[in-house]
Number of protein chains: 2
Amino acid sequence: MPVPPNDARREVATDRAGLDEVDRAILRILAEDARLANNAIADRVGIAPSTCHARIRALRERGVVRGFHADLDPAALGLGLQAMIAVQLSAHTKQQIEAFVRDVPRLPGVVSAFHVAGADDYLLHVAVRDSDALRDFVLDHLTGHPAVRHTETSLIFAHLPGTLTGLGLAD
Amino acid sequence: MPVPPNDARREVATDRAGLDEVDRAILRILAEDARLANNAIADRVGIAPSTCHARIRALRERGVVRGFHADLDPAALGLGLQAMIAVQLSAHTKQQIEAFVRDVPRLPGVVSAFHVAGADDYLLHVAVRDSDALRDFVLDHLTGHPAVRHTETSLIFAHLPGTLTGLGLAD
DNA sequence: AATGAAAGCGGTTAAAG
DNA sequence: CTTTAACCGCTTTCATT
């Protein structure tokens with residue numbers, strides 16, 4: 001029987017950046033529990049363990065999977081306060097800006113840094129012990145920095161992780 | 001020889017939320033590579049595999065480790081555009097606000113949502129296919145929502161993960 | 001590209017220090 | 001709390017389809 005050009009079978013293979021449904025199922029599982037045994041993943045997605053092993057290796061080599069990380073609770077590490085700090089840089093000091101960009105991810109307390117377009121240049125997500133530590137962070141590393149023109153700190157009440165729907169892996 | 005009250009040995013045990021240096025070493029390793037074999041972790045931190053196993057289990061039960069997750073590249077999944085959307089809610093509709101808060105993490109494209117204090121109420125980190133999808137997201141899920149008063153979208157040029165220094169695990 | 005078998009290695013638990 | 005020891009199960013490779 002002939003296959004129409006817009007047949008669903010073709011979309012499964014070509015859509016979604018070259019990932020088939022088995023790949024997406026594997027990714028969904030690994031995004032949720034990165035320590036699940038290869039055997040168990042294979043079972044769940046309905047392929048042999050050796051096939052599953054090869055698939056995961058390929059996904060890693062293709063860069064779809066960048067790594068596997070433990071998710072640590074900042075509060076349990078004594079970092080009870082989180083904040084988002086919007087940073088505006090001064091426009092004229094290219095070299096100082098590059099220095100800022102290079103150093104920011106390594107500052108103590110920075111969970112992640114977003115380089116953004118718009119009124120602000122950077123958004124720094126920081127986790128610190130308490131409000132004293134937050135003040136110290138801003139004064140020691142931001143306010144005094146020659147590339148920094150302005151900062152605005154917002155306390156984070158809650159940080160809700162998105163579901164996998166967010167990465168287009170919904171079933 | 002007597003031990004002074006401020007001896008370094010006491011701080012190692014009592015500081016840092018009850019984690020000793022072995023725990024912190026384990027966390028550092030798991031945060032970097034959550035799929036490293038228990039054996040290998042034990043080797044690196046200088047304890048027996050069974051001890052390491054018990055430590056990791058305890059860290060999970062205490063909530064220090066919340067989980068293990070694969071880090072997926074949104075671009076490799078066909079989501080080439082990321083943005084941070086600042087959302088201001090209307091002040092008077094408590095029930096609608098609760099509905100918004102409940103639904104936001106499940107919206108397609110939301111990587112994570114920050115509930116913040118300040119001029120904005122929420123910061124939504126989203127990953128989408130292209131600018132069309134971004135516009136659709138804002139119009140379909142935010143602008144039209146009764147609890148949403150205002151949104152401001154900033155494109156994300158780069159998202160730099162912080163180092164482990166950020167979580168107080170530096171050596 | 002997927003499979004099944006086989007060999008080696010790791011996870012997991014129990015008992016003891 | 002840590003270790004040693006032992007068993008079971010998983011990972012990984014490779015020949016085969």
Side-chain angles (χ1 to χ4, degrees), chain A residues 3 7-72 76-77 169, chain B residues 3 7-72 76-77 169:
Chain A
V3 176
D7 185 68
R9 273 166 282 179
R10 288 200 61 210
E11 290 190 12
V12 165
T14 57
D15 211 3
R16 307 260 193 195
L19 301 172
D20 66 14
E21 285 177 17
V22 174
D23 285 326
R24 299 219 310 281
I26 292 171
L27 293 174
R28 225 178 293 130
I29 291 169
L30 284 175
E32 203 179 296
D33 180 5
R35 270 186 93 85
L36 196 62
N38 179 66
N39 255 348
I41 300 171
D43 260 9
R44 282 217 221 167
V45 305
I47 58 179
S50 52
T51 308
C52 188
H53 191 259
R55 290 255 191 174
I56 293 173
R57 177 187 297 240
L59 288 168
R60 261 163 85 67
E61 281 167 2
R62 288 166 60 189
V64 180
V65 175
R66 289 190 287 216
F68 303 98
H69 305 286
D71 173 31
L72 309 180
L77 296 169
L169 295 172
Chain B
V3 175
D7 185 65
R9 274 168 282 179
R10 288 200 61 210
E11 289 191 12
V12 165
T14 57
D15 211 2
R16 307 260 192 195
L19 301 172
D20 66 14
E21 285 178 16
V22 174
D23 286 326
R24 299 219 310 282
I26 291 172
L27 293 175
R28 224 178 294 129
I29 292 168
L30 284 176
E32 204 178 295
D33 181 4
R35 269 185 96 85
L36 197 62
N38 180 66
N39 257 344
I41 301 170
D43 259 9
R44 283 217 221 166
V45 305
I47 58 179
S50 54
T51 307
C52 188
H53 193 259
R55 290 252 191 176
I56 293 173
R57 176 186 297 241
L59 287 167
R60 261 164 87 66
E61 280 168 2
R62 288 165 61 188
V64 179
V65 175
R66 289 189 287 213
F68 303 98
H69 304 287
D71 172 31
L72 308 181
L77 297 170
L169 295 173

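The two atoms that bring A:Gly63 and B:Ala76 nearest to each other are O-CB, 4.1 Å, heavy atoms only.
Between the two ends of the helix from C:dA1-D:dT17 to C:dG17-D:dC1, each summarised by a five-pair axis, the helix axis turns through 30° (rounded to 10 degrees).
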Contacts under 3.5 Å, N or O only, protein and nucleotides 15-17 of chain D:
none

Could you give the side-chain donor-acceptor pairs of residues 27-42 of chain A under 3.5 Å, partners two or more places apart or in another chain?
unit_1: A:Arg28; atom_1: NE; unit_2: A:Leu169; atom_2: O; d: 2.6
unit_1: A:Arg28; atom_1: NH1; unit_2: A:Asp171; atom_2: OD2; d: 3.3
unit_1: A:Arg28; atom_1: NH2; unit_2: A:Leu169; atom_2: O; d: 3.4
unit_1: A:Asp33; atom_1: OD1; unit_2: A:Arg35; atom_2: N; d: 3.0
unit_1: A:Arg35; atom_1: NH1; unit_2: B:Ala34; atom_2: O; d: 2.5
unit_1: A:Arg35; atom_1: NH1; unit_2: B:Leu36; atom_2: O; d: 3.2
unit_1: A:Asn38; atom_1: OD1; unit_2: A:His53; atom_2: N; d: 3.4
unit_1: A:Asn38; atom_1: ND2; unit_2: A:Pro49; atom_2: O; d: 3.0

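With sequence neighbours left out, A:Arg66 forms a side chain to side chain contact (heavy atoms under 4.5 Å, CB included) with B:Asp71, B:Asp73, B:Pro74. With sequence neighbours left out, B:Ala54 forms a side chain to side chain contact (heavy atoms under 4.5 Å, CB included) with no residue at all.
Following rounding to the nearest Å, B:Ile56 (CD1) and D:dT2 (P) show an atom-to-atom distance of 13 Å.
In this structure the side chain of B:Leu59 reaches within 4.5 angstrom of the side chain of B:Leu19, judged on heavy atoms.
Annotation: salt bridge (Lys or Arg N to Asp or Glu O under 4.0 Å) contacts involving residues 52-65 of chain B, sequence neighbours excluded, comprise B:Asp20-B:Arg55, B:Asp23-B:Arg55.
Listed by residue number, the members of residues 62-72 of chain B with any heavy atom below 4.0 angstrom from DNA chain D form an empty set.
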(message) At under 4.0 Å between heavy atoms, how does the protein contact nucleotides 11-17 of chain C? Give one character per nucleotide, 5' to 3', with B, S or -.
(response) SSB----
(request) Carefully, step by step, assess A:Ile26 and A:Ile56 under the rule side-chain contact (heavy atoms from CB on, under 4.5 Å). (result) CA-CA 8 Å; A:Ile26 292 171; A:Ile56 293 173; 3.7 Å; yes
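When the side-chain nitrogen and oxygen atoms of B:Arg55 are compared with OP1 and OP2 of D:dT2, one or more of them lie within a distance under 4.0 Å.
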